[in-house]
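Working notes, beginning with the structure itself.
No experiment lies behind these values; they were computed from the predicted model shown. By convention here, the first residue in the shown sequence is residue 1.
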Amino acid sequence: MKSVIARTSSPLARTPSMNDEIVGFEDVIENLRKKLLNGTKGQDIISIHGMPGLGKTTLANRLYSDRSVASHFDICAQCCVSQVYSFKDLLLALLCDAIGDDSARRELCASELADMLRKTLLPRRYLILVDDLWDNRAWDDLRGCFPDANNRSRIILTTRHHEVAKYASVHSDPLHLRMFDEDESWKLLEKKVFGEQSCSPLLRDVGQRIAKMCRQLPLSIVLVAGILSEMEKEVECWEQVANNLGTHIHNDSRAIVDQSYHVLPCHLKSCFLYFGAFIEDRVIDISRLIRLWIAESFIKSSEGRSLEDIAEGNLENLIGRNLVMVTKRANSNGKVKACRLHDVLLDFCKERAAEENFLLWIKRDQITKPSSCVYSHLAFTDMKNLVEWSASCSRVGSVLFKNYDPYFTVRPLTSRALSISCILLNFKFLKVLDLEHQVVIDSIPTELFYLRYLSAHIDQNSIPSSISNLWNLETLILITIPAATENTLSLPSTVWDMVKLRHLHIPNFSPENEEALLKNSAKLYDLETLSSPYFSRVEDAELMLRKTPNLRKLICEVQCLENPHQYHVLNFPIRLEILKLYGSKDFKTIPFYISAPNLKCLKLAFFYLDSQYLSETADHLKHLEVLKLYYVEFGDHREWKVSNGMFPQLKILKLKYVYLMKWIVADDAFPNLEQLVLDECQDLMEIPSCFKDILSLKYIKVENCNESVVKSAMNILETQVEDNQNINFKLILIEELD
């Protein structure tokens, strides 16, 4: 028996990403696996090239995620290059996988990051996945970061271009990925349509004929499977699909994507085309996508269901049709957290959106502009273009800023904030102004009365009372630039007149006038997410919670100048599911017990806690599924006692930088726990032995803890696997790299 030893920043780093079924290429996989594990003693580069849609990335991910392959290497890291890339972005992605995330690292220049990566990799055997390499220049940028220590380090590289694959090769010849054979084509189609079940004999003939019509291209097969999955499992329906495919002589990917789009219900077409506003190979945050869909009026209300739930259903529908790829799901409930589109699909969305006057991309070097813009949505890569185009865009409903450099905001400001006021008069019907939290604006555009979504950076410590003029606003995201983050931002009481607000995100704000807020009878019944208010008194927290009775997610900072003699029970909104409480970073006691009957996820950071507090709080949190304690100091001699019956529904428990020595857990505590994560818990003596008997436990992750914790984790692994026959249990040990 051997434990799984992971030396990357995440236990999901070698989990196959996206919703691609891994079927076929068994001969190719076995050949490449041998090259990764054996072959030359020096560094080798496994280059995979071929046309779009062949499954290069899926194949590379299968090799990268293979447990027998990953356990052979000390470090596993990956990055996606794409046609337009940031060298610094690639280095940060690789370093994050190799030695964990560190926000301070983003302040370093590319040459410093490259040197750090080179020194990290030099003494160790590493496996690197470089996906979607477009030209030799990009490889020249990266190759110097991958030293050859003659220790069988390996690099997997995917590219569309044979010349690039050949240029990067060292020992092994580039692999030109073949098409699927007929048997593989049918197996993939059957797997995507029927899952673990088999196709009925009545449909097998027409199904195999359809698979053959896809010209042995995996992407085409997957897209057609998405069409079939939404149809009745009847011969007549499948024959209709076969006939439609037969009308396209070449049956290329574009034609099949067109068919997939054609059969989409009307309410999904706008949602799908909207993906054309995003940059290729960029992971898309689902919560942000859904807020945009709602602001754009793509989501229609239905009695008994929230707009967010309907939007999530639309997304799952697109995923089920294989038009959208999942890159991350929540561990606790399986909901999609992030996604992306295949390049072929993204290109289709951009082209079709332009054809239908739905969306136009305006690139940095695009000078020609029409006398009158007929597009509903405009996406810019340079704010100078926004000023130039504004005169011809009076009826545009959305302005979206997309910067190819994700670290745009951390750069020093070299010019004045964008003067929004000088261009907004031309956008009188604007509904969405999404500057991707990256562009600093000189003022809040309170003249845009139709605005539903606003996201930008501001360089101010207060918000004007005239913001209530934006009475249609549903999402307000204002991020203060680093120079302004030290002070609490003042929020005017007029914000509470904006009754359509659904999502309010302003860092470290406090009400401008508590008395005015108290007298104001309006409540924000639609507000679902709120971050990040600052509370210096329990009374202030109670007041704001009364004004937001339907909150589902709350992130806030609380401070208590003195430890309370007795705790006050603070009743949170009954619908609240996610609560994140941050202290003032000097370990003060939370001045209240938390009562939230439907809370699913709780994060506490920078607080002084004791067993009594957690016991009393647990009595009010019977449905809690996720508990995260970060930078928490325990009282009672750094001891935490967990009694029977506590946290009955808890699935995920994460302790990071927790000052805890002795952890006493009753045998019947945590009866449904699935994941335990211990990160930088240097003082902890051991993991309680009762974790051996929790049959629901799926994995324990231990990162940078002492040897006694590692030893107790190994003992739990042995009992779970050998005695309890929990063959799916995993132990992930992450060592700190020197």
Do D258 and F348 have side chains that get closer than 4.5 Å, going by heavy atoms? yes
Residues in side chain to side chain contact (heavy atoms under 4.5 Å, CB included) contact with S531, at least two apart in sequence or another chain: H505, I555
Just grab all the side-chain hydrogen bond (donor to acceptor under 3.5 Å, both in side chains) pairs involving residues 261-275, residues at least two apart or on different chains. Y261-E356, Y274-E296
Decide, yes or no, whether a salt bridge links E239 with R209 under the criterion of side-chain N to carboxylate O below 4.0 Å. yes
Please check this pair: side chain of T159 against backbone of L133, looking for a donor-acceptor N/O pair closer than 3.5 Å. yes
Side chain to side chain donor-acceptor pair (under 3.5 Å), that's the test. Do D132 and S82 meet it? Break it down for me. CA-CA 5 Å; D132 200 20; S82 74; 5.3 Å; no
D309/S306 under side chain to side chain donor-acceptor pair (under 3.5 Å): CA gap, chis, key distance, verdict: CA-CA 5 Å; D309 289 342; S306 71; 3.2 Å; yes
Run Y64 and D131 through side-chain contact (heavy atoms from CB on, under 4.5 Å) and show every step you take. CA-CA 11 Å; Y64 182 80; D131 189 30; over 6 Å; no
Taking L454 as the fixed residue, which of L448, I477, L433, L435 is the one that meets the side-chain contact (heavy atoms from CB on, under 4.5 Å) rule? L433
For R106, does its backbone N or O pair with a side-chain atom of K88 as donor and acceptor, under 3.5 Å? yes
Report yes or no: does N61 contribute a side-chain atom to a donor-acceptor pair with the main-chain N or O of T57 at less than 3.5 Å? yes
Backbone of M51 reached by a side-chain donor or acceptor of K56 within 3.5 Å: yes
K600: what forms a side chain to side chain contact (heavy atoms under 4.5 Å, CB included) with it, not counting sequence neighbours? E577, E625
